[in-house]
Protein chains: 2
Amino acid sequence: MATRAKPTRDLMLAAAKKHVMSKGFAGTSIDDILKDTGLTKGAFFHHFKGKADLARQLVVDYATKDLAMFVAWDRQSREESDDPLEQVILFLKYFEAYISNSNDPAPGCMYAVYTYESSQFDAEVLTFVSDSLARWTSLNVRKFQEVLDRYKPVKPVTARQLAEMVISIVEGGLVLQRAHGDTDTTKRQSEQFRNYLSLLFPKG
Amino acid sequence: MATRAKPTRDLMLAAAKKHVMSKGFAGTSIDDILKDTGLTKGAFFHHFKGKADLARQLVVDYATKDLAMFVAWDRQSREESDDPLEQVILFLKYFEAYISNSNDPAPGCMYAVYTYESSQFDAEVLTFVSDSLARWTSLNVRKFQEVLDRYKPVKPVTARQLAEMVISIVEGGLVLQRAHGDTDTTKRQSEQFRNYLSLLFPKG
DNA sequence: GTATGCATACCGACCAGTTGGTATGAAAAG
DNA sequence: CTTTTCATACCAACTGGTCGGTATGCATAC
C-alpha cells in the first residue's frame with residue numbers, strides 16, 4: 001500500500017486538530033490520534049518526525065486553510081460591492097455566518113491554543129503563529145486603509161488600530177463562546193464592531 | 001513541621017499558576033510544581049485530592065483574586081467621580097495600567113486557558129469558569145446600565161452588549177499580546193473601546 | 001498521645017519514540 | 001513481457017522514561 005500517503009497524513013492531521021482544539025496540544029497524545037484513525041505508530045512517525053513536527057504541520061495546515069477562507073471572503077465582498085466600507089461589512093457578515101453555522105460544536109482559534117500553551121512549542125512554531133496573526137492583521141490594515149482613503153472617521157483612528165480590534169474581538173468572542181458553550185457570542189461581538197464602524201464612518 | 005500549612009498550599013498554587021499559564025494545565029506535571037517549590041508528593045496530595053482538585057482550587061483562587069481587583073478598581077473609580085461613564089473610563093484605565101505594568105512577562109487569563117483545554121476538566125470546574133465569566137459580565141452590565149440610565153447612546157445599544165464587548169476585547173487583546181510577546185496590545189484594545197464609548201456617548 | 005504536615009518509596013498506566021519487518025507499486029533490467 | 005530492484009507506506013511489538021496516584025513512616029504541634 002504505497003498509494004494512500006496524502007490521505008493518511010490528512011486523516012491524522014484532522015484527528016489531531018479535533019483533539020488539540022478540545023484538550024490542548026500537550027493533552028493530546030499520539031495514541032489519541034492513532035486510536036481515532038485506526039493507524040499505528042509506524043504510520044505516524046513515517047509522516048511526522050515527532051510530536052513537535054506534528055505541531056508545526058498542524059498549524060501550517062491551519063494557517064493555509066484559514067488564509068484561503070479569508071481570501072475567498074475578500075474576493076466575494078469585492079464582487080458584491082465597490083465601496084470598501086461595505087466590503088468590510090460584508091466580510092464580517094460572511095465570518096459571522098461561518099461561525100454561527102459551523103458544525104463544530106466548540107469552534108476556536110488554533111493560534112490561541114498555541115499561544116496559551118507557548119512553552120510547549122519551539123521558537124520556529126511560535127514565530128509562525130505570530131507571523132500568521134501579523135499577516136492576518138496586515139490584510140485588515142490594507143482593507144481599512146482603503147476605507148480611510150475614502151471616508152474621514154468622526155474620531156481620528158488608524159487602519160492598524162481597527163485591524164487589530166477586529167482580530168481582538170474575534171479571538172475574545174471565541175473564548176467567551178467556548179466558555180459558555182453557545183453559538184452566537186462571537187457573532188454578536190462582530191456585530192458590535194460593525195456598530196462601531198457605522199459610528200466612525202456615518203457616510204457609509 | 002505542622003505549622004506551614006497555608007503557606008505551603010499557596011506556594012504550590014503560585015507555582016502551579018506560573019506553569020499552567022505558560023504550558024497549559026495538561027502540560028503542567030505535579031512534579032513541575034514540586035520541583036519549583038522544593039516539596040514532595042506527600043505535601044501535594046496532603047493539600048490536593050488529586051490533579052483535578054488542583055485545577056479546581058487553582059481557578060477558584062484565581063477568581064477570588066481577580067474579583068477582588070475588579071471590586072477595588074470599581075470602588076476607586078466611584079470615589080474619583082460621580083459620573084458613571086467617567087467611572088467606566090477610569091476603570092478601564094486602571095486595567096490598562098495593570099496589564100502594561102505587570103511584571104508578568106506574558107500575562108493571560110486563566111479562564112481562557114481552561115476554556116481552550118476544556119476536555120481536561122470536569123463539569124464542575126467548567127461550570128465555575130463559565131459562571132465566573134458570567135459574574136464578571138454582570139458587574140459590567142450593571143455598570144453600563146448606570147451609564148445608559150444617564151446618557152442616551154447615539155446608536156441603540158444594550159448594557160449587556162457593551163459588557164460582553166469589554167470582556168471580549170480584553171480576552172482577545174491578551175491572546176494577541178501573548179502571541180506577539182509585547183506589552184501593550186491589550187492596552188491599545190482597551191483604548192479603542194474607550195474610543196467607541198466616546199462616540200456612543202458624546203456628552204461624556 | 002493524637003492529629004497535622006510533610007518526606008520517602010513505590011506502583012501501574014501511559015507517554016513519545018524505536019525497532020525490525022511486511023506489503024505494495026513503480027521503474028529499470030533482462 | 002517478465003523479472004529484479006528498490007523506495008514508499010505502513011504495522012506489531014517493544015523501550016526507557018514520566019505520568020498521576022498510593023502506602024507508609026516520622027517528626028512536630030497541640
Side-chain angles (χ1 to χ4, degrees), chain A residues 1-20 22-59 61 113-114 117-122 124-125, chain B residues 1-20 22-59 61 113-114 117-126:
Chain A
M1 265 195 281
T3 45
R4 309 201 315 162
K6 184 82 187 312
T8 297
R9 196 195 77 114
D10 289 349
L11 212 67
M12 286 193 283
L13 281 179
K17 181 184 177 183
K18 182 187 113 186
H19 281 100
V20 167
S22 88
K23 301 190 295 191
F25 184 78
T28 300
S29 72
I30 295 175
D31 284 337
D32 285 336
I33 299 164
L34 301 179
K35 191 175 278 182
D36 249 42
T37 56
L39 294 162
T40 58
K41 287 281 174 80
F44 181 88
F45 284 96
H46 174 73
H47 290 284
F48 307 101
K49 271 187 276 186
K51 211 191 173 189
D53 188 42
L54 169 67
R56 212 194 87 256
Q57 293 200 37
L58 189 62
V59 73
D61 187 68
V113 175
Y114 277 48
E117 257 181 304
S118 50
S119 297
Q120 298 284 340
F121 307 100
D122 52 49
E124 185 198 340
V125 167
Chain B
M1 268 195 279
T3 45
R4 312 199 315 163
K6 184 84 187 309
T8 297
R9 196 194 75 114
D10 289 348
L11 212 65
M12 285 192 284
L13 280 180
K17 180 182 177 183
K18 181 187 112 187
H19 282 99
V20 167
S22 87
K23 300 190 294 191
F25 184 77
T28 300
S29 70
I30 296 174
D31 284 339
D32 284 337
I33 299 165
L34 301 179
K35 191 175 277 182
D36 249 42
T37 56
L39 294 162
T40 57
K41 287 277 177 84
F44 181 88
F45 284 95
H46 176 73
H47 289 284
F48 306 101
K49 271 186 277 185
K51 211 191 174 189
D53 188 42
L54 168 67
R56 213 194 86 255
Q57 293 199 38
L58 188 62
V59 73
D61 186 69
V113 175
Y114 278 48
E117 257 181 305
S118 50
S119 296
Q120 298 284 338
F121 307 100
D122 52 48
E124 186 198 339
V125 167
L126 293 179

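Regarding B:F48, its CZ atom lies at a distance of 13 Å from the P atom of D:dG21, rounded to whole Å. Residue A:K49 contributes atom NZ, which lies 17 Å from atom C1' of C:dT18 at whole-angstrom precision. In this structure, the NE2 atom of B:H47 is 12 Å from the P atom of C:dT4, given to the nearest Å. Distance A:L34 CG to D:dA12 P: 11 Å, rounded to the nearest Å. One can place CD1 of B:I33 at 11 Å from P of D:dG21, the figure rounded to the nearest angstrom.
For A:D36, the side chain to side chain contact (heavy atoms under 4.5 Å, CB included) test picks out A:A15, A:K18, A:H19, with sequence neighbours left out. Residues passing the side chain to side chain contact (heavy atoms under 4.5 Å, CB included) test with A:K51 are A:F25, A:I30, sequence neighbours excluded. Under the side chain to side chain contact (heavy atoms under 4.5 Å, CB included) criterion, A:S22 pairs with B:S119, sequence neighbours left out. Taking B:Q120 as the reference, A:K23, B:A26, B:E117 meet the side chain to side chain contact (heavy atoms under 4.5 Å, CB included) condition, with sequence neighbours excluded.
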Kindly list each side-chain donor-acceptor pair under 3.5 angstrom involving residues 37-45 of chain A, sequence neighbours excluded, with atom names and distances?
from, atom 1, to, atom 2, distance (Å)
A:T37, OG1, A:I33, O, 2.9
A:T37, OG1, A:L34, O, 3.4
A:T37, OG1, A:L39, N, 3.4

Query raised in the report: Does the pair B:D53 and B:Q57 meet the rule for a side chain to side chain donor-acceptor pair (under 3.5 Å), with working shown?
Result: CA-CA 6 Å; B:D53 188 42; B:Q57 293 199 38; 3.0 Å; yes
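Close to D:dC10, at under 4.0 Å from its OP1 or OP2, lies a side-chain N or O of A:T8. The side chain of B:H46 places no N or O atom within less than 4.0 Å of a non-bridging phosphate oxygen (OP1 or OP2) of C:dC6.
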Identify all pairs in which a protein N or O lies below 3.5 Å from an N or O of nucleotides 18-20 of chain D, and state each distance.
from, atom 1, to, atom 2, distance (Å)
D:dC19, OP1, B:S29, OG, 3.4
D:dC19, OP2, B:D31, OD2, 3.4
D:dG20, OP1, B:K51, NZ, 3.0
D:dG20, OP2, B:I30, N, 3.0
D:dG20, N7, B:K41, NZ, 3.3

